[in-house]
Amino acid sequence: MSQSEKSPEHAVSEFLASLPGLTLGVAVSGGSDSLALLHLVHEWARLNHTKVVAATVDHGLRPEAVDEARQVAGVCEGLGVSHTTLTWQGAGSGGNIQSIARDARYSLLADWAKNEQVDFVLLGHTQDDLAENLLIRLARRAGVDGLAAMDDRFERQHQRFARPLLDVPRAHLQSYLQDRDIQWVDDPSNEDEVFDRVRARRALVTLADVGIDSSALAQVSRNMSDAKVALHDQMADLAWTHARIESGDLVIRREAFTDVPVEISRRLLLVALQWVSGNGYAARREPLVALLRSIQQNQGGTLQGCLVTVDDQNCRIGREYAAVKSLSAVDGIWDGRWKLEGPYQPGFEVRALGEEGLRQVPDWRESGLVRSSLIASPAVWGGDMLVAAPLAGYNKAWSAKLLPERAVFLP
């Protein structure tokens, strides 16, 4: 066992001892990784007076999945662990079915965990997953972030998830199960080379002959994680001195994109776009780099629903009107970031101000905001009549404030 590898019992015991909370959820597919995790967590929880519940997601992609969920339910019953089968109804969706199914799985698990008052949902990703993920990302020519190890703790849909087995090879988990005569399910899709992960898994067998095994690649991904943290900290320091929030826009001194290493300025632009748009996914590298070059040339552009404008001193990143023109809300929460308060009446709704609304605010220039930002700002409408445009200073009875979770850039 290499220095970075841990026994399954040691890894789980050490990891769970560091987690706050009294209720743990385990996502169990019936495969060796998640089934071993279930047993390991159950053993630890029994000694540490912690409640454990489990869930299996049936994606509806294979007819065998129903029986596999029943098998997991039987195992849980034998352990005295409450079990729920979560069924996805979107198996007919087009596009990248694995990506869509993954997002659906997290959504189902998050909803289940909230109902069960679970503090952390535990996932069975292993050291082998780190290695396979690194190979897949290498094939896609990823940078430091893409090659970094997956986080051992993260949050999705306001639910906390954790991965206690990232230092444990899959073979050790299978030995753990075999020693206890516990049977697991082999998913036939794990042999289908149409999937990148299956091809990466088989490539590892060949690479092991030259010393590039799962342990080595997992360590490389951890090294990339350290580099990722260092680069992020440098970018955050830059943001603290060069960026400010102005009525929901980010205004960043242009030198932050011209006088620093390109990797740092690229990261700053990436997180700025995500903060303004609320998009949970990072922009693709090629259009992001193209936009960065445009900023450096004193030009702007659009990306991820954001409009970027540049002058001699500053770069302003705000919402693009085209991205919000069709959004409406009647509960005062608009675009996932603004909360409007005022004397609501039936029939009022929040929509973007737009050019039509701006024409009804003759003194909008006194607000100090640029035209492009104002037309993409929230306004209160009663049908076609403008009731209020808080950021434009129209109707002081109304206010618009960023939601607390969206009000701070790089805390």
Side-chain angles (χ1 to χ4, degrees), residues 4 33 95-106 123-157 161-163 165-167 169-170 193-204 206-208 212-236 238-239 257 260-293 295 303-306 410:
S4 63
D33 302 348
N96 184 336
I97 190 64
Q98 282 210 320
S99 176
I100 295 170
R102 181 177 60 249
D103 290 343
R105 180 165 62 250
Y106 279 115
L123 307 173
H125 295 114
T126 68
Q127 176 180 277
D128 296 73
D129 291 300
L130 292 182
E132 292 161 12
N133 194 56
L134 182 70
L135 285 181
I136 292 168
R137 298 297 181 86
L138 277 173
R140 296 173 184 171
R141 295 162 175 77
V144 170
D145 288 12
L147 300 178
M150 59 182 75
D151 294 329
D152 62 358
R153 307 181 196 191
F154 63 100
E155 185 171 307
R156 189 170 293 197
Q157 297 194 2
F161 291 81
R163 300 178 172 112
L165 300 175
L166 292 180
D167 291 329
R170 181 170 295 119
E193 291 199 4
V194 72
F195 299 120
D196 291 341
R197 189 162 297 278
V198 176
R199 294 196 297 273
R201 190 168 299 169
R202 293 191 174 172
L204 277 170
T206 302
L207 291 170
I212 306 176
D213 58 12
S214 62
S215 177
L217 289 173
Q219 185 57 54
V220 171
S221 72
R222 296 185 191 99
N223 295 342
M224 290 296 103
S225 291
D226 292 342
K228 174 183 173 181
V229 170
L231 290 168
H232 177 84
D233 287 349
Q234 188 174 350
M235 179 273 295
L238 183 70
F257 298 111
V260 299
V262 66
E263 177 63 14
I264 304 303
S265 57
R266 185 190 68 81
R267 286 170 179 271
L268 177 58
L269 180 58
L270 185 149
V271 297
L273 291 169
Q274 286 185 290
W275 184 84
V276 172
S277 69
N279 195 320
Y281 293 94
R284 293 180 58 192
R285 189 178 187 89
E286 293 81 2
L288 186 70
V289 170
L291 179 57
L292 179 58
R293 289 199 197 99
I295 293 171
L303 188 61
Q304 272 197 322
C306 296
L410 291 177

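Throughout, residue positions are numbered sequentially from 1 according to the sequence presented.
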>> How long is the straight-line distance from CG of Leu273 back to SG of Cys306, given to the nearest 0.5 Å?
In response: 5.0 Å
> Which pair of heavy atoms, one from Gln304 and one from Ser277, lies closest together, and at what distance?
Replying inline: O-CB, 3.1 Å
>> Testing the basics here: between Gly124 and Asp33, what is the closest heavy-atom pair and its distance to 0.1 Å?
In response: O-CB, 3.3 Å
> For Gly146 and Asn133, which heavy atoms make the closest approach, and how far apart are they?
Replying inline: O-ND2, 4.5 Å
>> Can you tell whether the side chains of Arg163 and Asp129 come within less than 4.0 Å, N to carboxylate O?
In response: no
> Should the ring pair Phe161 and Phe154 be called parallel, tilted or perpendicular, given that the plane angle runs from 0 to 90° and is split at 30 and 60?
Replying inline: parallel
> Do Arg170 and Arg201 come within less than 4.5 Å of each other through their side chains, counting heavy atoms only?
Replying inline: yes
> Less than 4.0 Å between a side-chain N and a carboxylate O, is that true for Arg222 and Asp152?
Replying inline: no
> Pro169 and Gln127: which non-hydrogen atoms are nearest, and at how many Å?
Replying inline: CG-NE2, 3.6 Å
> Out of curiosity, Leu217 CG to Asn223 CG, how far, rounded to the nearest 0.5 Å?
Replying inline: 11.0 Å
> Can you tell me how far OG of Ser225 sits from NE2 of His232, rounded to the nearest 0.5 angstrom?
Replying inline: 13.5 Å
>> Can you confirm whether Asp103 sits close enough to Arg156 that some side-chain heavy atom of one is under 4.5 Å from a side-chain heavy atom of the other?
In response: yes
> Just wondering, more than 12 heavy atoms not from Arg153 lying within 6.0 Å of its CZ?
Replying inline: yes
>> Quick check for you: to the nearest 0.5 Å, what is the distance between Thr126 atom OG1 and Leu166 atom CG?
In response: 8.0 Å
> Pick from Leu231, Leu238, Leu288, Val262: which one makes a side chain to side chain contact (heavy atoms under 4.5 Å, CB included) with Arg267?
Replying inline: Leu231
> Which heavy atom of Ala236 sits nearest a heavy atom of Leu410, and at what distance?
Replying inline: CA-CD1, 4.1 Å
>> Under the criterion side chain to side chain contact (heavy atoms under 4.5 Å, CB included), I'd like the reasoning laid out for Leu207 against Leu135: C-alpha separation, chi angles, the key distance, then a yes or no.
In response: CA-CA 11 Å; Leu207 291 170; Leu135 285 181; 3.9 Å; yes
>> Tell me the closest heavy-atom pair linking His125 and Tyr106, and the distance in Å.
In response: CE1-OH, 4.1 Å
> After noting the C-alpha distance and the side-chain angles of Glu263 and Gln234, does the key distance pass the side chain to side chain contact (heavy atoms under 4.5 Å, CB included) rule?
Replying inline: CA-CA 10 Å; Glu263 177 63 14; Gln234 188 174 350; over 6 Å; no
>> Working to the nearest 0.5 angstrom, can you tell me the gap between Met224 CE and Gln219 CD?
In response: 10.5 Å
> Taking atom CG of Leu270 and atom CZ of Arg284, what is their separation to the nearest 0.5 Å?
Replying inline: 13.5 Å
